[in-house]
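Quick notes on the structure that follows.
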Amino acid sequence: MSDVTTELQNAYYDSIKELKEGEIIKGKILSVTPNEVVVDVGYKAEGMLPREEFAGFDIENTKEIDVYVENVEDEEGKIILSFKKARETKGWQNLATNFNEGDLVEGFITRRVKGGYMINVFGVEGFLPQSLSSFRNMSDEEVMGKKFYFQIVKMSRAKENFILSRKDALKMEKEISRKKIWEEIEIGKLRKGKVKSIANFGAFIDLGGVDGLLHIADMSWKKISHPSEVVAVGDEINVLVLGFDREKSKISLGLKQTTPDPWKEIDQKYLVGSLVKGRITNIQNYGIFVELEKGIEGLVHISEISWTKKFINLYETYAIGDAIETKVIGVDSAERKISLSIKHTEKDPWEDVENLVTIDTTTKGKIASYGEGCAYMELENGLEGVIYNEDISWTKRVTRAQEMLKRAHTYDVKILGIDKTNRKVILGMKQLKEDPWPQLLTRYNVGTMLEGEVVKVTNFGVFVKIEEELEGLVFSGEIEKEIVEKLKPKDKLKVKIIKIDAGAAKIGLSAKIDEEPNTAAS
């Protein structure tokens, strides 16, 4: 029996490892509690390590760790182990063997200290001076516990301390990234980038140390007027490499090329004559742009807005975002253009204009614009009418319609005729009244002298009001220059009728009156 016991004792003592203080050994994790971690290192006693030594380490999912033997047996006969010292020792061995000053190392920030930060690199703490940190505009949340690359500025293997620089590491990272990009770059390859800045002609994209140009023409399949319509500074986007020149350090990028070309086979999708719905995306003086689908816009030219209205203020009639229905009247896939029409969604009223307009009837019209010797009116039925200067007044000589008719004002007019060729209704205002000339000719004759009121002084003569709605012109040769210079509107002037032209509604006057007895009408 004693032999068996002796054998068991010998086997037990042989299984126990011989430990030395200062060495690093493997240990199996037996249990983890909130305060300690129990580790079996094959010794007669198990090691108890403070849980705080494992801060930042995933101890819950780890089965085996390296530990540092601090004391084989303390006063209580316990083995004293350290996970922290094991990491630090191995960390220093790694640093001393594999790294030199100027190299990059990865570490995380553990705490802020006076003048800088402490950085954990391979379990060893190094010092990062504030002046070399590049964390000036960053909060503690963005920094503490986060991993960064640092450059080893100074390392003392004897004293086991080292100084790091984040500022110099950033420079190295950029250069490494630049080299990597130029090594990997390939036409047709998709890359992720960040919008760095925007110009009128495009946007510069940071690909990770190398900038590429995303031209405005390569941003969207639809027309845009400025890059800010598609991207904003800080946006992260996927772009396609369209071309590059290593010697000139230029890279051309494309954004629209990352999606299918919506204009492909567009003429089969939008057939001429078909009705389509869309939303207004842009308004110009010459027409409105309508988005039919993402990347596809059509133009409704101003001439395709209305059958009847020639002068339209598009900004007052439509608004960006309005939903409208249009008809496709043309598709040019090569030029990437779709022509749309609003008026073609309705019947052309000029096809049966006789049912809308009756000659010799009275209607109302609003002055829309002016032309050479005429004014254009919008009639109540929406048709366009024209009133020529000679049809405005029986007695006044009208040289400019705007002197008699105010824009946007509504007037009663008579329908004189229909011009189907030019799509206009001929109008008149004077025809609403009886022609006064037969009566005027009985009251006024050549040679009649009278006193009138000055209406307007021009370089070719003086207009004088003879009576309401009747004016005459004193020709410049029929009045002394000195008198003209003194005249102003509403002055009284004695004149003599020297010419009457009822057909042209003109009465010629002279201010050169002899001393013959006055036979003026009063």
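Throughout, residue positions are numbered sequentially from 1 according to the sequence presented.
- Under the 3.5 Å distance criterion, the side-chain polar atoms of Arg407 are matched with a main-chain donor or acceptor of Ala368.
- You'll find the side chain of Val398 stays beyond 4.5 Å of the side chain of Tyr388, heavy atoms only.
- Separating the CG atom in Leu104 from the CG atom in Leu164 is a distance of 10.5 Å, to the nearest 0.5 Å.
- Under the ring-ring contact (aromatic ring centres under 6.0 Å, His included) criterion, the residue pairs touching residues 155-186 are Trp92-Phe162, with sequence neighbours excluded.
- Annotation: side chain of Leu314 is not in contact with side chain of Tyr286 (no heavy-atom distance under 4.5 Å).
- Applying the salt bridge (Lys or Arg N to Asp or Glu O under 4.0 Å) test to every pair with at least one member in residues 89-112, sequence neighbours left out, gives these pairs: Asp66-Lys90, Arg111-Glu125, Arg112-Asp140.
- The minimum heavy-atom distance linking Met172 with Gln151 is given by the pair SD-NE2, 3.1 Å.
- The shortest distance between side-chain heavy atoms of Val69 and Leu81 falls below 4.5 Å.
- Between the side chain of Ser274 and the main chain of Tyr270, no donor-acceptor pair closer than 3.5 Å is present.
- For the pair Asp322 and Ile288, the minimum side-chain heavy-atom distance is 4.5 Å or more.
- Listed for the Arg279 side chain is no donor-acceptor partner under 3.5 Å among the backbone atoms of Ile324.
- For Glu142, the side-chain hydrogen bond (donor to acceptor under 3.5 Å, both in side chains) criterion is met by Ser139, not counting sequence neighbours.
- Aromatic ring orientation, Phe83 versus Phe54: parallel (interplanar angle below 30°, classes split at 30° and 60°).
- For Asn282, the side-chain hydrogen bond (donor to acceptor under 3.5 Å, both in side chains) criterion is met by Gln284, not counting sequence neighbours.
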Exercise. Should Tyr117 and Phe148 be marked as a ring-ring contact (aromatic ring centres under 6.0 Å, His included) after you check the CA-CA gap, both sets of side-chain angles, and the distance that decides it?
Worked result: CA-CA 13 Å; Tyr117 302 87; Phe148 299 94; 9.5 Å; no

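- In this structure, Asp206 contributes its side chain and Gly209 its backbone to a donor-acceptor pair below 3.5 Å.
- The two residues Gln268 and Leu271 make their nearest non-hydrogen contact at O-CD2, 3.7 Å.
- Although no hydrogens or angles enter the test, the distance criterion places no donor-acceptor pair under 3.5 Å between the side chain of Glu297 and the main chain of Phe289.
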Throw together a table of side-chain donor-acceptor distances under 3.5 angstrom for residues 185-201, partners on residues two or more places apart or in other chains.
from	atom 1	to	atom 2	distance (Å)
Lys196	NZ	Asp211	OD2	2.9
Asn200	OD1	His226	NE2	3.2

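- Lys406 meets the side chain to side chain contact (heavy atoms under 4.5 Å, CB included) test with His409, Tyr411; sequence neighbours excluded.
- Val290 and Val300 make their closest contact through CG2-CG2, 4.1 Å (heavy atoms, listed as atom of the first residue, atom of the second, distance).
- Summarising the geometry of Ser134 relative to Arg166, their closest heavy-atom pair is CB-CG, 4.2 Å, with the distance given to 0.1 Å.
- Counting only residues at least two apart or on different chains, the side-chain hydrogen bond (donor to acceptor under 3.5 Å, both in side chains) pairs with a member in residues 327-338 are Asp261-Arg336.
- Just one of Leu30, Ile65, Ile79, Val32 meets the side-chain contact (heavy atoms from CB on, under 4.5 Å) condition when paired with Val39; it is Ile65.
- Remark: Lys420 engages Glu354 in a salt bridge (charged side-chain N to carboxylate O under 4.0 Å, His left out) (not counting sequence neighbours).
- Minimum heavy-atom separation, Leu255 to Leu214: N-CD1, 3.4 Å.
- Within the 4.5 Å cutoff, no side-chain heavy atoms of Val425 are placed close to those of Asp419.
- Rounded to the nearest 0.5 Å, atoms CE (Met48) and CG (Asn35) are 12.0 Å apart.
- Ser225 meets the side-chain hydrogen bond (donor to acceptor under 3.5 Å, both in side chains) test with Glu229; sequence neighbours excluded.
- When all heavy atoms are compared, the tightest approach of Gly295 to Pro262 is O-CG, 4.0 Å.
- The shortest side-chain heavy-atom distance between Ile320 and Ile283 falls under the 4.5 Å cut-off.
- Considering only heavy atoms from C-beta on, Glu304 stays 4.5 Å or farther from Thr326 through its side chain.
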List the atom pairs, donor and acceptor, that lie under 3.5 Å between side-chain atoms in residues 371-387 and the rest of the protein, sequence neighbours left out.
from	atom 1	to	atom 2	distance (Å)
Glu380	OE1	Thr363	OG1	3.3
Asn381	OD1	Leu383	N	3.0

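- Looking at heavy atoms from C-beta onward, Phe127 lies in side-chain contact with Met118 at the 4.5 angstrom threshold.
- Applying the side-chain hydrogen bond (donor to acceptor under 3.5 Å, both in side chains) criterion to Asp391, with sequence neighbours excluded, gives Gln431.
- Within a 6.0 Å radius of NZ in Lys146, other residues, nucleotides and ligands contribute more than 12 heavy atoms.
- Salt bridge annotation for Glu293-Lys222: absent, with no cationic side-chain nitrogen under 4.0 angstrom from a carboxylate oxygen.
- Among pairs with a residue in residues 238-258, those fulfilling side-chain hydrogen bond (donor to acceptor under 3.5 Å, both in side chains) read Asp218-Gln257, at least two apart in sequence or across chains.
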